[in-house]
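All ligand and atom numbering here is 1-based and tracks the order in the structure.
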Amino acid sequence: MLSIVINGQKHELDEDPNMPLLWVLRDILNLKGTKFGCGKGLCGACTVHLNGAAVRSCSMPLAAVAGQDIRTIESLSDDGSHPVQQAWQELNVAQCGYCQCGQMMNAAALLKQNSKPSDADIDAAMEGNICRCGTYPRIKAAIKFAADLATEVKS
Ligand code: FES
Ligand code: FES
């Protein structure tokens with residue numbers, strides 16, 4: 001039996017300790033916001049936060065995350081009020097939308113560490129998140145907008 005904490009809620013799971021966290025989230029806990037893309041840590045669609053840092057849940061075995069703080073896209077906010085959610089909506093970032101939950105989670109982790117990222121900071125942090133629709137310019141603009149919104153909230 002393994003205990004994991006997802007979005008502040010503890011779950012006791014009797015599953016294979018090698019099961020990827022992504023499988024646990026989607027198939028066992030029904031948290032479908034986190035997406036399956038490559039399954040090999042190469043696309044970023046499955047990005048979640050582990051103790052505040054962006055990680056690829058497809059490449060994290062259940063045993064490796066037991067007892068740690070895991071946050072999924074569902075945790076940003078229920079009402080769309082997180083600055084990243086607001087910015088994504090305001091700038092109509094999504095095209096097909098498939099990659100966007102991973103993009104937003106990576107962006108949220110970046111902004112937690114760096115409240116005013118430069119273009120180079122954004123490029124470095126986001127380079128592993130692939131968007132087949134090519135929404136990269138809107139993603140970059142939305143991260144800057146989210147940074148401004150977060151600053152307004154603080155001031
Ligand atoms: S599905 Fe995890 S990085 Fe692609
Ligand atoms: S919006 Fe379609 S893959 Fe990114």
Could you tell me whether the side chain of Lys140 reaches within less than 4.5 Å of the side chain of Asp123, counting heavy atoms only? yes
Salt-bridge contact Lys144-Asp119 (side-chain N to carboxylate O under 4.0 Å): yes
Is the distance from atom 4 (Fe) of ligand 2 to the nearest N/O/S atom of Cys99 under 2.8 Å? yes
Any side-chain donor near an acceptor of the partner, Thr135 and Gln100, under 3.5 Å: yes
Under 2.8 Å from atom 4 (Fe) of ligand 2, is there any N, O or S atom belonging to Cys131? yes
Tell me whether Arg26 contacts the main-chain N or O of Leu31 through its side chain, where contact means a donor paired with an acceptor under 3.5 Å. no
Tell me if a side-chain donor or acceptor on Arg138 pairs with a main-chain N or O of Asn92 at a distance below 3.5 Å. yes
In terms of residue, atom name and distance, what is the protein heavy atom nearest to atom 3 (S) of ligand 2? Arg132 N, 3.3 Å
If you compare all heavy atoms of Cys38 against all heavy atoms of Leu42, which two are closest, and at what distance to 0.1 Å? SG-N, 3.1 Å
Would you say Asn129's side chain and Gly102's backbone share a donor-acceptor pair under 3.5 angstrom? yes
Compute the minimum heavy-atom distance from Ala94 to ligand 2 and say whether it is under 4.0 Å. no
Going by atom types alone, do Ser118 and Asp121 pair a side-chain donor with an acceptor below 3.5 Å? yes
Under 4.0 Å from ligand 2, counting heavy atoms only, is it the side chain of Gln100, its backbone, both or neither? side chain
Less than 2.8 Å from atom 4 (Fe) of ligand 1 is the window; count the protein N, O or S atoms in it. 2
